[in-house]
Every structure is written in structure tokens, then in C-alpha cells.
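All heavy atoms count here, side chains included; hydrogens, waters and symmetry mates do not. Just so you know, residue 1 is the first one in the sequence shown, and it goes up from there.
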Amino acid sequence: MNRFERANPRLCAECQRQGRVRYGDELEHIVPLWQGGAESDSNREWICRDDHKIKTAREASMRRAG
């Protein structure tokens with residue numbers, strides 16, 4: 001277990017913002033690296049697989065649009 005995992009419970013950040021509690025399956029950059037996000041703990045959060053799929057699709061669409 002790394003430092004980030006010890007300091008941050010594995011709960012989906014997006015679910016928490018919506019008042020739900022769900023396991024965070026994947027570690028995600030809050031601001032994508034391609035948008036200038038930092039490779040740092042302050043730019044990471046746990047996210048469930050369902051929300052990760054939604055976020056990835058949204059970001060792919062934004063990236064294509066320029």
C-alpha cells in the first residue's frame with residue numbers, strides 16, 4: 001500500500017459528491033495530464049469503474065473537440 005492509499009480511503013470521489021458511498025476501484029487524475037494536470041497526490045482521487053467510464057468518455061470527447 002502506498003502513501004496515497006494510506007491517506008485516502010478507497011471511496012469513489014464522484015459518488016461521494018452525489019451523496020452515495022461506493023468503492024473506489026481505480027485511481028484517477030482529477031485534471032487529466034493532457035490538460036495540464038499535475039502528476040501529484042493532490043491531483044488524484046479514487047473513482048468507481050462506472051464513473052471512470054463516464055469520465056473517460058467525456059474527456060475523450062473534449063480532446064477530440066480541441
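Salt-bridge check for Glu59 with Arg64: failed, with every basic side-chain N at 4.0 Å or more from each acidic carboxylate O. A salt bridge is defined here as a Lys NZ or Arg NE, NH1 or NH2 lying under 4.0 Å from an Asp or Glu carboxylate O, and Glu28 with Arg44 fails to meet this definition. Remark: Arg49 engages Glu26 in a salt bridge, criterion side-chain N to carboxylate O under 4.0 Å. Contact check on Asp51 versus Arg20 returns a salt bridge, with a Lys/Arg side-chain nitrogen under 4.0 Å from an Asp/Glu carboxylate oxygen.
Side chain of Arg22 to backbone of Cys15: no donor-acceptor contact under 3.5 angstrom is found. Counting only distance, with no hydrogens or angles, the side chain of Thr56 and the backbone of His52 share a donor-acceptor pair below 3.5 Å. Between the side chain of Asn43 and the backbone N or O of Val31 there is at least one donor-acceptor pair closer than 3.5 Å. Lys55 contributes no side-chain N or O that, together with a main-chain N or O of Ile47, makes up a donor-acceptor pair within less than 3.5 Å.
Contact annotation: the side chain of Glu39 approaches that of His29 to within less than 4.5 Å [non-hydrogen atoms, C-beta and beyond].
Atoms CG and SG, on Leu11 and Cys48 in that order, are 11.0 Å from each other to the nearest 0.5 Å.
Other members of the cluster containing Phe4 are Leu27, Trp46, with ILVMFWY side chains joined at under 4.5 Å, either directly or via other members.
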